[in-house]
Amino acid sequence: MRMIEGGHGFAGDPRAVGGVGGHIGAPHSVVGQRVVRHDARDKVQAATAYAGDWAMPGMLHGVVVRSPYPSARIRGIDTTKAAAMRGVACVLTARDVPRNTLMTDVPGQTTTVGPLRAKLHVLAEDRVRHQGEPVALVAAETLEQARDAADAVEVDYEPRPGVFDAEQALAPDAPKVHDEGNLLAHWRIARGDVDAAFAGAAVVVEGEYRTQFVDSAYLEPETGVAWIDSDGVITIRLSTQVIEHFRDVADVLDVPQNRVRVIGAYLGGGFGGKEDVTVEVYLGLLAVKTGRPVKMVWTRQESLLARAKRHPYRLRYRTAAAKTGEILAQDVELLGDSGAYAYLSALVLLYSTVTACGPYRVPAARVQARVAYTNNPPTSAMRGFGAMQTVFGYESQMDRVARALGLPPADVRKANALRRGDTLPVGQVIETHCALPELIDRAWAGLGAPTPPRAPHAKVGRGLACNLQPYGRIVWLHDWASAWVGFEMDGSLVVRCGCPDVGGGQASSLCQIAAEVLGVPIDRISVHIADSALTPLAGTTTASRQLYMSGNATLKASGELREQILGVAAKLLETSVADVDLAGGEVRAADGRTMPLRQVLAACARMGVPRSHLAVYHAPAGEPVDLTKGSGKIFPDYTFGCHAVELEVDTETGRVRLLKHVAAHDVGRAINPMSVEGQIEGGAVQGLGYAMMEEVVLEDGINLTTSFASYLIPTTVDVPDVEAIVLESGEGLGPFGARGIGEPPIGPPAAAVANAIEDATGARVTRLPMTPERVARALRLLT
Amino acid sequence: MTTRLLINGRARDVDVEPHRTLLEVLRDTLGIFDAKEGCNEGVCGACTVLLDGRPVSSCLVLAVATRGKPITTVRGLERDGDLHPLQDAFLRHGAVQCGFCTPGMLLTAYAFVEAHPHPDRAAIREALEGNLCRCTGYTKIVDAVEDYARNRCG
Amino acid sequence: MQPFEYAAPASVDEALALLARHGADAKVLAGGQSLVPLLNYRLARPRFVVDVNDLPLDEIRVDAGRVRLGALVRHSTLAASAVVARECPLLTEAAALIGNVRVRSLGTVGGSLAHADPAAELPLAMVALDARFELRSARGSRTVEVRDFFSGYLTTVLRPDELLTSVDAPPTRGAGTAVEEFSRRPGDFALVAVAAIVTIDRQGRVENARVAIGGIDGVPRRIPAVENALRGEPPATDRIARAAELARAEVTPQSDALASGEYRTLLAGVLTKRALARAVSRAMAVPA
């Protein structure tokens, strides 16, 4: 247990809030309630202005010219014909970009880490390395004119041999994607005597697993509008998880960072795909070049073609276990496909490395992880971020160990579950409660009575899978977030925070936290988010970090503000600060006297006491170290979960029908249980899409799935109701003991489904997605 | 050509080029952003509007071809500025996350319950099969529609 | 979308005159569920679009012993039609499987058939039903049998100046019918689909069986080997299964991003068996 900076935290009774100055605010009146989100009200009325719901007078339309080849040399680009076409305002190529290099390692961070450094060209210079790579930009009066002109840009390509598979990319004679070679990153963990453990094992289980490229597939494609504001500031309003890309735009445009402003609209989904730069740099270039507002909306095809995907992995596991089911050692080899550019691949791979052995005590472990460049589309952040692929490996292995030993899979997992004080293979000590046994029991029990098969050719089976997912960014990044909370004279409250809202209720949760601490009805709060010029910066809405980071910053700011206001109130009421409270929008004294908040606020103004507070929350920080030597803390903390599924396999076709899905997570504290359930249900279904149907199909680097008719995501009839079980240990590092829950629920479904298929049929599927055809192969219906 | 569009009970005479989809005219000509563009090929359902009371993909309808036929967007569900009970059910059940699918989802569900007043969960799932949602996992959306249908009939 | 000229004629003759004038430069717009995506992606760039939605071609009626569907009958109307459910329930079942609710709202029988996607439901059903197509042009009209109508992947014998105005099929009263479709995701085009129509004679043997398969070749087609194997046989489960196995030998499907040819072959056998089994059980339930 650690105390959050600023004095908020928990001791003993998890319902007790240790407020600033020792004030006890329990029981919570707003936190923990199923609050209707302010943004949901706007959204059911279509009142929310998404990035695309924005138009400006004189606005141009921007289009990206993309490479049709996965690997080619550019001999020349002729833009004269395109530039002369009707309505065309400008055509830009690499030569027109002031600084054509974009850093893509850890978006939004102010601390850089050497091994993670990555960059690419804003527009291709002499080479293209993947299909869809941006080569030129066009802006025109209408979208049609822009598209026509884009078609008319003449690029002289000389196709070159490419490499389309990570294994082949590491062969000595493979075509080099980048001059420095195709091995992009390599992480290793070595802990304990692995070979001795295998020698003494009762059972050794070996398995090789493959996962696929998948797409974030948010319903809102990448979109934004840029303009030069009246003060000359380049202003870009877009759908992004990271408003701090204003710095990248400024660097590319070669202007001071304070001359670029990024406004983050409420997103139509992010899931990691809007963590890297998308349209903002292009919009900045076009707006500066033309001096006019420019809109850019990527088509669905473009988004599916060119946006970074989740890394496909080959995972090789050897697991040693004792007769009791105790895991003795794991020997893991991971190989990921980075596609043509690095983006966040090194960091994604690090997440995989750290989580490779799962939420279990593993006394001896050897993890070797590599990621290679290919001429496939780039891969980068996506919900789960490298801690997802590994679940399919380690949880398939756990079931096979149980099966080999004739033990119930749930029991084997419970016996090996991490406990507080245990050490992960990477050397990090688990400092908070790990509720895995309880999560397993509750998820499994949640399946209820077995469903009988519907037909003679149908078989029903059940499976479960657990996971651990870090929340908050790696400690090497020295992460921080800030928030400002202030009263207006009438007692209404304003929260300002640079946090983008991807749809998970990020902004609404901040309101709940402020409402709780300051005793203000939630409908008396306005929240301003995600404006790099006007809201205090709060970092990225990624890594399951915003409730944790911005939540803590808001809690801290609210707590400090509360002290300021109560100090004045106590003076006015001639009592001690300990005997006054803020509730129901007024000041209440222990002796029953009340005072309208506006009276206190007026006094604050008179006395020169601020009615607002800006707070910064700093996450635990550490320096990069050699993982092979054991590193200690890598992530601030982890969220644990267990999913159980029941399904029916059609043994004639391999079709799997999902019947039941129970998803249990220890979220520490549910600030808004409705939002928490929403994260769990939605994450589970994305995980089921990964398990069952989603796959970016590539043929020598050419994407065959660039439409929603061929890139399949789950519909209502593909998935069952998800029953979310929310455990609240109060053990998280976030406000009121909350843990991050954005990413964790996407992890377990694939392994749970694979385990259930084996339970039903005896056949093991080791490759994702588990399409009917792959299941049919596992059932030996096909040769 | 000048075309009379009937949007949420109001006639709008709009100069429409024949090759404009209803989605383009709503968003780019009229500034009505109620329908969203998610795929432009009729798969995702984010651009759903009701045409003659039936759900259609506004990205797959030429605006000129809708002349004189009633078009309902999500704002057309509201009565005197109050939320429609279905919108309210979406709020109470937490059926909204990013909200990009929400207008289309509401209209499809509304038209379905009008035609099938007593649906079970399986029927609701069948009815919403063509409206993709990437955030919610659908459980709370089905909860909301089920609750609305039940209360609607008392 | 590229600009084009547009007309919405009020009469069939007017429409045919426009098609006669603009021929290959024109596209007929019915429900638009196949055409407009092509326009959106500039995969079709017609100079002229003839919107036929105002034409009086949306009638369903029983006429001279055949069920006649106007080309503008919407999928949703077809799925809900009591006449069709009584006379040709195969079409009711097929219509309900088409796309999603929005496609069924606007999509038309004529549009689907003229688009001729080999994995679509209505072309398959029409092949099983031995339907006939009425094609009209300013030059006159002609009737084309279904076996002659589809000429290849997304192509038919429709000439540029012709309009498909109606399709008719014999009722299947007394028969059992079924469609089995297998797609990666419901509502999507089928990897393989099979339609079966079975009649049982007084001795309880298969009098006649018609089996059509889609999603395999460029056009949906009948599988005579399966039909012949069943005719005159008692419709026992094992016999149906054995006959259905013949379907696998009759197909050589291609592979694509969604499934391999080998898997489609597997499905051809399984779906044929299931379609026949359901059609037989429905035929047995028909009162003699």
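A note on names: the letters A, B, ... follow the listed sequences, proteins ahead of strands, and every chain is numbered from 1. What you see below is based on every heavy atom in this structure, not just the backbone, and it leaves out hydrogens, waters and symmetry mates.
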- [ ] Pick one of side chain, backbone, both or neither for A:E723, based on which atoms fall under 4.5 Å of a heavy atom in chain B.
- [x] neither
- [ ] Identify whether the distance between the nearest side-chain nitrogen and carboxylate oxygen of B:K36 and A:E220 falls below 4.0 Å.
- [x] no
TODO: Using a cut-off of under 4.5 Å on heavy-atom pairs, state which of A:T48, A:V685, A:T716 scores highest against chain B.
DONE: A:T716
Task: NZ/NE/NH1/NH2 to OD/OE distance under 4.0 Å, A:D39 and A:R37 - done: yes
Task: Heavy atoms from other residues, nucleotides or ligands near CH2 of A:W54 exceed 12 (cutoff 6.0 Å) - done: no
Open item on the list: Is A:T299 close to chain B through its backbone or its side chain, or both, or neither, when contacts mean heavy atoms under 4.5 Å?
Closed with: neither
Open item on the list: Between the side chains of B:R75 and B:D34, is the shortest nitrogen-to-carboxylate-oxygen separation below 4.0 Å, so that they form an ion pair?
Closed with: yes
Open item on the list: If the threshold is 4.0 Å, N to carboxylate O, is there a salt bridge linking B:K140 and A:E677?
Closed with: yes
Task: Check: A:S544/A:E743 side-chain N/O donor and acceptor closer than 3.5 Å - done: yes
Open item on the list: To the nearest 0.5 Å, what is the distance between SG on A:C511 and CD on A:Q506?
Closed with: 12.0 Å
- [ ] Counting only heavy atoms closer than 4.5 Å, note whether A:S707 contacts chain B via side chain, backbone, both or neither.
- [x] both
Open item on the list: Which atoms of A:P714 are under 4.5 Å from chain B, going by heavy atoms: the side chain, the backbone, both sets, or neither?
Closed with: both
- [ ] Please flag which part of B:T102 lies under 4.5 Å from any non-hydrogen atom of chain A: side chain, backbone, both or neither.
- [x] side chain
Task: Part of B:E129 within contact of chain A (heavy atom distance under 4.5 Å) - done: both
- [ ] Could you have a look at A:T715, A:D53, A:V35 and say which one has the most heavy-atom pairs with chain B under 4.5 angstrom?
- [x] A:D53
Task: Lys/Arg N to Asp/Glu carboxylate O, B:R121 vs A:D721, below 4.0 Å - done: yes
Task: Residue pair B:T72 / B:N8: nearest heavy atoms and the distance that separates them - done: CA-OD1, 3.3 Å
Task: Shortest non-hydrogen separation from A:I529 to A:A507 and the atoms involved - done: CG2-CB, 3.9 Å
TODO: May I ask you to list the residues in residues 88-101 of chain B that approach chain A closer than 4.5 angstrom, counting heavy atoms only, ordered by number?
DONE: B:F90, B:L91, B:R92, B:H93, B:G94, B:V96, B:Q97, B:C98, B:G99, B:F100, B:C101
Open item on the list: Which atoms of A:V722 are under 4.5 Å from chain B, going by heavy atoms: the side chain, the backbone, both sets, or neither?
Closed with: both
Task: Electrostatic pair B:R20-A:E144, nearest N-O below 4.0 angstrom - done: yes
Open item on the list: So if I take each residue of residues 77-85 of chain B and look for any heavy atom under 4.5 Å from a heavy atom in chain A, which residues do I end up with?
Closed with: B:E78, B:L83
Task: Distance-minimising heavy-atom pair for B:T48 and B:P55 - done: CG2-CB, 3.9 Å
Open item on the list: Less than 4.5 Å to any heavy atom of chain A: does that hold for the side chain of B:L132, its backbone, both, or neither?
Closed with: both
Task: Selection from A:G52, A:A47, A:A55 maximising heavy-atom pairs under 4.5 Å formed with chain B - done: A:G52
Task: Side-chain H-bond candidate by donor/acceptor type, A:E694 with A:Y711, under 3.5 Å - done: yes
Open item on the list: With a 6.0 Å cut-off (strictly less than), is the heavy-atom count around CZ of A:R34, excluding the residue itself, greater than 12?
Closed with: yes
Open item on the list: If I measure from the heavy atoms of chain B, does A:Y50 come under 4.5 Å with its side chain, its backbone, both, or neither?
Closed with: side chain
TODO: Please determine, by modelled atom types, if B:E24 and B:T29 share a side-chain donor-acceptor pair under 3.5 angstrom.
DONE: no
TODO: Tell me whether the guanidinium CZ or amine NZ of A:K274 lies under 6.0 angstrom from the six-membered ring centre of A:Y218 and within 45° of its axis.
DONE: yes
Task: Nearest non-hydrogen partners of A:Q512 and A:N672, listed with the distance - done: OE1-CB, 3.2 Å
TODO: Check each atom of A:A684 against the heavy atoms of chain B and say whether the ones under 4.5 Å are side chain, backbone, both or neither.
DONE: neither
Open item on the list: Tell me which of these, B:G31, B:C39, B:P103, has more heavy-atom pairs under 4.5 Å with chain A than the rest.
Closed with: B:C39
Open item on the list: Looking at chain B, which one of A:S303, A:P720, A:G504, A:G689 has the largest number of heavy-atom pairs inside 4.5 Å, strictly under?
Closed with: A:P720
Open item on the list: Report which part of A:L219 has an atom under 4.5 Å of a heavy atom belonging to chain B: side chain, backbone, both, or neither.
Closed with: both
